[in-house]
Every structure is written in structure tokens, then in C-alpha cells.
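Naming: A, B, ... by sequence-line order, numbering from 1 per chain.
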2 protein chains.
Amino acid sequence: MTKARVTVIDIAKAAGVSKSTVSLVLQGSSLVNEGTRSKVNAVMRELGYVYNRGAANLRQAGAKSKIVGVVVNDLTNSFFAELAVGVDMVVQSAGFVQFLSNTGESIDRQREVVASMREHGISGLIVSPARATDAADFKPLVAAGIPVVVVVRNLPGAKVSSIVSDNQAGMMSAVKHLAGLGHKRIAFLGGFPDTAVFDDRLAGYRSGVEAAGLDYHEELVIASAPSRAGGVEAIGKAIALGRRPTAAVCFNDAVAFGVCDGLRARRLEPGADFAVVGFDDVIEAQAAVPALTTVSVDPQGIGRRGAQMLLKQINAGKAEAETVTTAVRLVVRESCGAGRAPPSKTGKSVKSKQDAE
Amino acid sequence: MTKARVTVIDIAKAAGVSKSTVSLVLQGSSLVNEGTRSKVNAVMRELGYVYNRGAANLRQAGAKSKIVGVVVNDLTNSFFAELAVGVDMVVQSAGFVQFLSNTGESIDRQREVVASMREHGISGLIVSPARATDAADFKPLVAAGIPVVVVVRNLPGAKVSSIVSDNQAGMMSAVKHLAGLGHKRIAFLGGFPDTAVFDDRLAGYRSGVEAAGLDYHEELVIASAPSRAGGVEAIGKAIALGRRPTAAVCFNDAVAFGVCDGLRARRLEPGADFAVVGFDDVIEAQAAVPALTTVSVDPQGIGRRGAQMLLKQINAGKAEAETVTTAVRLVVRESCGAGRAPPSKTGKSVKSKQDAE
DNA sequence: TGACAGAATTGGAACGTTCCAAATATTTAT
DNA sequence: ATAAATATTTGGAACGTTCCAATTCTGTCA
């Protein structure tokens with residue numbers, strides 16, 4: 001039972017050199033003689049040495065800890081799981097590891113995990129903020145020189161980088177698609193009106209309506225919780241309108257699924273009697289019946305982009321806030337009633353790489 | 001621009017005490033006078049002190065780093081995302097943070113991330129090993145006194161704790177259910193025969209068959225990749241048999257979906273013309289058409305259990321290997337052709353807490 | 001008042017690494 | 001052979017914390 005940890009001194013002793021030399025080897029310095037290097041490496045392997053990043057990090061005060069923090073608001077949602085995978089891919093191959101935490105939309109939890117991560121000395125943070133996060137919450141981090149990248153939801157007012165999908169363009173293309181199919185009264189359903197994402201998507205809806213030469217009617221915008229239940233509620237109100245709409249774009253896919261539920265409960269078949277379009281292209285969208293027409297946002301791509309941006313800032317040493325919006329793409333399936341056509345049952349289009357630039 | 005980090009010495013100076021006292025306060029020692037404590041705390045807040053866990057951890061050699069590593073083989077799969085959430089819940093409330101990494105079934109990647117985590121000084125590891133992981137791979141960890149808990153897939157031969165679902169009982173109940181519906185020839189489809197999980201599930205199948213008073217026929221066991229494509233392949237072979245089966249239990253849900261695809265391609269309707277049962281109860285199972293009858297395993301519960309087990313071992317200081325198998329439950333939906341009954345369209349039963357003991 | 005116990009505080013010495021300045025070994029040029 | 005240059009190696013002194021043993025305060029009891 002080897003009790004004590006093997007340290008750089010142990011291997012120095014065993015290899016007949018000084019600890020400084022061993023340290024040089026560890027850092028791959030070109031100063032050290034080739035013969036010495038291989039000997040040291042051999043001894044390290046033999047003794048089963050493991051590098052102590054904590055100690056190293058202590059010395060190179062404030063320098064790179066090779067840890068990035070990732071906090072998401074709902075890992076259960078496959079959207080965020082994909083995002084985390086995207087982040088992991090790039091940080092991993094840069095030799096970093098990720099602290100991953102889930103806030104479940106709890107702002108207290110978020111504060112806790114961020115504090116904890118900070119104590120552990122993360123060198124950067126990627127966060128999809130919980131709802132109602134105060135923009136000032138990340139102030140201390142950036143003041144301490146720790147780059148922060150906000151993804152998915154932006155944080156107006158915070159001086160940090162962010163990367164969000166092009167909500168406006170996405171919603172606009174959805175509306176135009178529906179208008180192209182002949183719909184005149186298109187509703188906007190779901191979402192909390194006090195969020196930036198809502199504003200963006202609504203703006204896109206409005207531009208789409210106007211671009212299609214239709215009139216914008218306030219009554220066709222029906223907010224609700226951005227969930228399945230919210231969708232049921234919203235479609236209920238929509239149908240109760242005097243002149244009822246014949247189609248709807250939804251705040252996100254969850255709402256869209258709820259809308260479908262609500263339609264069926266009223267003996268209307270989504271896709272046939274009423275067109276519905278979602279937003280996000282979550283994994284269930286393509287398997288659902290009818291398959292959901294939706295705006296695909298490639299969460300994994302966002303994760304990768306965000307991680308790249310963060311690493312760039314970490315390496316640069318200085319974090320100048322940068323804002324990127326990633327392209328989205330309308331994926332036409334069945335729920336909009338567009339094609340009787342599609343013979344291939346699973347529209348795999350979602351997997352394409354779209355985040356190149 | 002505050003350049004230098006605030007240290008325990010700074011706050012000692014500012015509070016007019018010694019660094020030792022500050023340290024005592026940090027650890028919540030009862031030795032320190034109440035007045036002093038609150039003064040120190042006040043100063044800490046004022047100067048924006050952040051605890052440096054790295055330094056602390058360096059001193060208390062080998063002691064608790066408050067980090068647990070979590071490595072899963074496929075975070076994209078919602079099964080594992082749920083599992084990670086379960087782990088996060090319990091480690092988070094124990095004041096730990098989790099390193100979460102994804103191997104994507106790559107054994108090299110797995111080795112890398114585990115090594116990296118070790119350098120960072122994790123105090124425990126939860127792993128769902130990539131396929132074909134060598135049981136000896138975790139030897140160094142346990143030798144170094146770092147507890148390891150293997151989840152979902154077990155690692156025969158490794159002297160580590162593990163927590164897997166009750167594959168045998170689950171498959172057995174699936175078979176019995178089908179037999180109860182009158183099926184006489186029930187196939188076992190999919191899965192790689194060289195894995196421990198396969199063995200367990202097959203054993204369950206066999207006991208189920210025998211318990212139902214049927215004969216076990218070798219020809220009804222058809223292995224394949226544990227994927228949708230594998231399912232298509234397996235059902236093809238099954239249907240080509242002289243006396244074809246009328247029902248099948250599948251290695252997992254992916255296989256089951258493939259089986260449904262294959263049935264439809266032959267103009268057979270799953271649920272009506274042929275009964276199929278899956279395993280895992282992935283999130284898509286309840287939304288699919290027909291809704292999949294499957295064995296539910298509650299990944300989040302496994303995550304919580306695993307984390308609890310790990311924390312227990314970390315606190316105990318000694319890790320004695322312990323093996324737990326968690327209960328599973330057959331969720332009857334439509335694909336087995338059981339009920340014409342179910343009026344509630346979404347069988348929410350999957351959300352119940354079943355991991356109490 | 002002095003001795004004594006308990007409560008509260010405190011100065012080093014670690015922990016395992018990296019950095020710096022300086023020392024030593026090896027070449028090269030004269 | 002010797003100086004100058006270059007290549008390699010090396011002892012400390014940090015980094016921010018915790019621990020230990022020792023010290024200084026309190027108050028209590030004779």
C-alpha cells in the first residue's frame with residue numbers, strides 16, 4: 001500500500017536530477033537535454049507519478065487552471081445536454097476539463113455553483129443564465145479577469161460576450177413559410193413577455209407578417225408559459241377568438257407540442273386543420289406525430305462556438321465582450337401541412353453542420 | 001482595477017488578527033470568539049475575498065477536494081443526461097462540484113479524461129464505462145484511495161462499487177407480461193452478446209420464458225447492434241424463421257424502435273400484428289407511435305444513488321466495494337398490444353420516484 | 001495576590017509546484 | 001590552451017492555505 005503521493009522531488013531523486021529539471025520536463029521545455037528528458041519520463045512512468053495541478057496553479061498565481069465552468073438552466077432538456085456536449089468537445093481537446101452544473105432555473109442555485117466554481121479557480125465560464133438573472137451577477141467574475149460567455153439567453157446590460165441564435169430571422173422565416181402556404185391569420189403563441197428571447201422572436205414574427213404583406217394584429221400574440229401546458233392554454237385562447245387564426249408559430253417546441261395537444265382535444269388535426277411551427281428543433285421534434293416543422297438551432301454548434309470564444313478570451317488574457325448570433329434554419333416537416341410529399345420517414349436534416357461561420 | 005488576489009493575509013491585516021485566526025473562521029471552528037468571527041466575516045465581504053480551494057487542498061494533503069468526477073459514455077442520450085442531473089443534485093447539495101465529461105464510447109477519450117480529472121484531484125469518480133473498458137483501468141484510482149462507483153454498465157472483475165438496474169427482473173417481467181397476453185413464441189432481439197448487460201437481460205428472458213411454462217428456443221435469440229438499425233436487422237431475421245414469433249422483447253428501446261420500423265416495412269403494425277417491448281424507457285418511448293411498452297429504469301434515480309454511495313465512501317475514507325441493483329418497472333403502453341383501454345394519452349407513470357430503497 | 005484552568009489567538013513550518021538568478025558543463029572560436 | 005559563447009542544470013523563494021505547538025489573555029479559586 002503506497003501511502004504517500006509521488007512528488008516531483010521523488011522522481012528527481014530517483015532520476016538523479018534536481019526538481020527544477022523535472023519541472024522543466026513537465027512543461028516540455030526545450031531547455032532540457034534529450035537524454036535527461038527521456039530518463040525523467042521513464043522514472044515518472046515507473047513510479048506512477050501524477051501531476052498535481054493544484055500546486056502548480058497555486059504558484060503561477062491566477063494563471064490558467066485548465067478548468068472551465070459550464071452552467072445550464074436545465075440539463076434534462078436535450079437542448080442543453082447537446083450544448084454541453086458541444087462545449088465538452090472543444091474544451092476537452094484543448095486540454096481543459098469542464099465543471100458542469102445544473103441550476104434548474106434556480107437563481108440561488110446558480111449563485112452557489114458559480115461561487116463554488118470560482119473557489120475552484122475556473123479560468124472561464126459559459127453560462128445559460130437562469131430566468132431573471134441579474135446582469136450584475138457576473139460583474140465580480142469579469143472584474144477578476146475571468147472571461148464569461150453567455151449562451152442561448154442573453155443578458156442585456158452585462159458587459160460579457162454572448163452567443164445566441166438568430167431568433168428574429170428564424171421566426172421571420174417561419175412566418176413567411178406559413179404565409180407562402182396561403183395562411184392569412186397567423187398567431188404567435190407562448191413565451192414569457194419579460195424575456196429578451198421573447199422580444200426577439202416576437203420582433204421576427206412581426207417583420208415576417210409585414211414582409212408577407214399581412215397586417216399585424218395584437219390579438220394574435222398570445223403569451224403563456226414556455227411549456228407544453230402553456231401551449232395548450234394559448235391555443236385555447238386563440239381558438240376562442242372571433243376570427244380564429246389558421247396557423248401559429250410557437251415560442252418553442254414545447255409550446256408547439258402543447259398546441260398540438262390542444263388542437264386534438266378540439267378534434268382538429270395539427271398539420272391538416274391547423275398549421276403549427278415550433279422553435280428549437282429538439283430531438284423529439286422529428287419523431288413526433290405529426291413530425292414538427294420547426295426552426296433548428298443546433299445547440300451543439302452553439303456549445304462549440306461558445307467554447308471556442310471562451311478559450312480565445314482565456315488565451316488572450318483579456319476579455320473584450322463580443323456578441324455573436326448564429327444562423328438558424330427552418331426545417332419543414334409535417335405539422336405545417338406543407339408537404340404531402342416526404343417519403344423518407346425521418347428527416348435527418350437536423351444533423352447537418354451549420355455553424356461553420 | 002484590483003490586480004492582486006485578496007488573500008487570507010490581507011483580511012487578517014485588515015481585521016487586526018492573525019492569518020491563523022482567519023483560517024479558523026473559514027473552517028467554522030468553535031474556538032474563535034464570536035466578536036472576532038463576525039468582524040472577520042465583515043472584512044471578508046468588504047474586500048471581496050474568495051476562498052482558494054487549491055491552496056487549501058494542497059496543505060491538507062490528499063484530503064477532500066470537494067470535486068467528484070463524472071464520466072458518461074453518451075451525454076447526448078437523454079438517459080445519461082438524466083443520470084448526470086441526478087448526480088449533480090446530490091453532489092451539489094453536499095457542497096461538491098462535478099467534473100462532467102463525455103467519452104462518446106471512446107476508450108482513449110475515457111482514459112484521457114480520467115487522467116485529467118485525477119490531476120485535478122477529484123475525490124471520487126462516477127463512471128458509466130465506455131464499451132470494452134478494461135476492468136484494470138480503474139485500478140490506479142482505487143490504489144490511490146479514490147473511490148470509484150460504476151453505474152449502468154458493470155465491470156466484472158474490477159474491485160469497485162457498482163450500481164446497475166435489475167436487468168434480469170426487468171426482462172423477466174416483460175416476458176411474463178407477453179406470455180400473459182397469450183403469446184407462445186417470444187423472441188429476444190438485439191444487443192451485443194459480449195457484454196455483461198446482455199448476459200443479464202438474456203438470463204432474465206430465459207427465466208421469464210421458463211416461468212411462463214414455455215420452452216426456450218435458441219433460435220429465438222437474435223443478437224445485433226443495440227441500435228435502431230440493429231433492430232431492423234434482427235426483426236428481419238426473426239420473421240424469416242420457419243415458425244415465426246408473435247412477440248419480442250428487445251435489448252433496449254433503440255432496438256425496439258428499429259423493430260417497429262422493420263415491422264412496418266413488412267406491412268405489419270406493431271402492437272396489433274406483433275407485440276414489442278423495449279428496455280430503458282427513454283424519453284421518446286412515451287411519445288412514439290405506438291407508445292412503447294418498456295421497462296423503466298429511472299436514470300436520475302441511479303444518478304442519485306450512485307452519488308450517495310460515492311459520497312459515503314469519500315466520507316468513510318475507505319472504499320469497500322458494494323454492489324446495488326435498482327428496481328425497474330414495466331410500463332405498459334401500446335406497442336405490446338395489451339390495452340385497447342388507456343384513455344389518458346400520455347402515460348406519465350415514468351416520473352414516479354422508485355428508487356427509495 | 002498568586003497560581004491555575006480554560007478560552008482565544010498566534011507564529012512558523014509544511015503541502016507540491018513554478019520561477020528566477022545563478023552556477024556549471026559543453027562547445028566554439030581564436 | 002583560453003576566452004567567449006551556448007547549452008544545461010540547479011538551489012532557494014514564492015503561491016495561499018492548514019496544522020501544530022506555543023503563547024497570551026481572561027477569569028476563578030484559594
Side-chain angles (χ1 to χ4, degrees), chain A residues 2-41 43-44 47-67 118-121 123 144-145, chain B residues 2-41 43-44 47-67 118-121 123 144-145:
Chain A
T2 32
K3 200 69 214 141
R5 189 193 238 300
V6 181
T7 116
V8 74
I9 298 199
D10 297 324
I11 76 139
K13 213 164 292 174
V17 296
S18 79
K19 60 184 168 28
S20 304
T21 305
V22 177
S23 174
L24 257 1
V25 171
L26 245 17
Q27 307 170 67
S29 163
S30 62
L31 290 181
V32 33
N33 179 294
E34 203 42 61
T36 320
R37 176 195 310 286
S38 54
K39 164 146 210 175
V40 168
N41 278 324
V43 176
M44 288 206 281
L47 298 196
Y49 170 74
V50 324
Y51 186 64
N52 185 334
R53 248 169 232 280
N57 198 52
L58 179 55
R59 183 65 234 275
Q60 15 182 201
K64 321 284 74 141
S65 68
K66 294 295 193 177
I67 305 177
R118 226 186 134 192
E119 293 184 352
H120 282 285
S123 36
Chain B
T2 33
K3 200 72 215 142
R5 190 192 237 300
V6 181
T7 114
V8 73
I9 297 197
D10 298 324
I11 77 137
K13 215 163 290 176
V17 296
S18 79
K19 61 185 168 26
S20 304
T21 304
V22 177
S23 174
L24 256 2
V25 172
L26 246 17
Q27 309 169 67
S29 162
S30 62
L31 289 181
V32 34
N33 179 296
E34 202 44 59
T36 320
R37 176 194 311 285
S38 54
K39 163 147 211 175
V40 168
N41 279 323
V43 176
M44 288 206 281
L47 299 195
Y49 170 75
V50 327
Y51 185 65
N52 184 334
R53 247 170 234 280
N57 197 52
L58 180 55
R59 182 67 235 274
Q60 9 181 213
K64 322 283 75 139
S65 68
K66 294 295 195 179
I67 305 177
R118 227 188 131 189
E119 293 184 353
H120 281 284
S123 38

Q: If you look at every heavy atom in A:A15 and A:V43, which pair is closest and at what distance?
A: CB-CG2, 3.8 Å
Q: Grab the two heavy atoms, one from B:T7 and one from B:Y49, that are nearest each other, plus how far apart they are.
A: C-CE1, 3.9 Å
Q: What is the distance from CZ of B:R37 to P of C:dA8, rounded to the nearest Å?
A: 10 Å
Q: Would you say A:S38 and A:E34 are linked by a side-chain donor-acceptor pair, where the criterion is simply a distance under 3.5 Å?
A: no
Q: Rounded to the nearest Å, what distance is computed from the CD atom of residue B:E119 to the P atom of nucleotide C:dT18?
A: 11 Å
Q: Calculate the interatomic distance between B:L58 atom CG and C:dT18 atom P; express it in whole Å.
A: 12 Å
Q: Rounded to the nearest Å, what distance is computed from the CZ atom of residue A:R5 to the C1' atom of nucleotide C:dC15?
A: 10 Å
Q: Any heavy-atom pair between the side chains of B:M44 and B:V25 that's under 4.5 Å?
A: yes
Q: Can you tell me if the side-chain N/O atoms of A:T7 get under 4.0 Å from OP1 or OP2 in C:dC15?
A: no
Q: Can you tell me the distance, in whole Å, between the CG atom of B:N57 and the C1' atom of D:dC15?
A: 15 Å
Q: If I take atom CD1 in residue B:I9 and atom P in nucleotide D:dG16, what distance separates them, rounded to the nearest angstrom?
A: 8 Å
Q: Taking atom C1' of D:dG16 as reference, at what distance in whole Å does atom CE of B:M44 sit?
A: 14 Å
Q: Any idea which heavy atoms bring B:R53 and B:S65 closest together, and the distance?
A: CD-O, 4.4 Å
Q: Which heavy atom in B:A14 sits nearest to a heavy atom in B:L47, and how many Å separate them?
A: CB-CD1, 4.2 Å
Q: Check whether any side-chain heavy atom of B:L58 lies under 4.5 Å from a side-chain heavy atom of A:N52, and answer yes or no.
A: yes
Q: Should A:V50 and A:R5 count as side-chain neighbours, where that means a heavy-atom distance under 4.5 Å?
A: yes
Q: Expected output is a numbered-order residue list: members of residues 16-35 of chain A with a heavy atom under 4.0 Å from any atom of DNA chain C. What is it?
A: A:S20, A:S23, A:Q27
Q: Within this structure, what is the CD1-to-C1' distance between A:I11 and D:dT9, rounded to whole angstrom?
A: 15 Å
Q: Is any side-chain N or O of B:R59 under 3.5 Å from a base N or O of D:dT18, one able to act as donor and the other as acceptor?
A: yes
Q: Roughly how far, to the nearest 0.5 Å, is the NZ atom of B:K66 from the NE2 atom of A:H120?
A: 8.5 Å
Q: List in numerical order all residues of residues 48-55 of chain B for which some heavy atom is under 4.0 Å away from an atom belonging to DNA chain C.
A: none
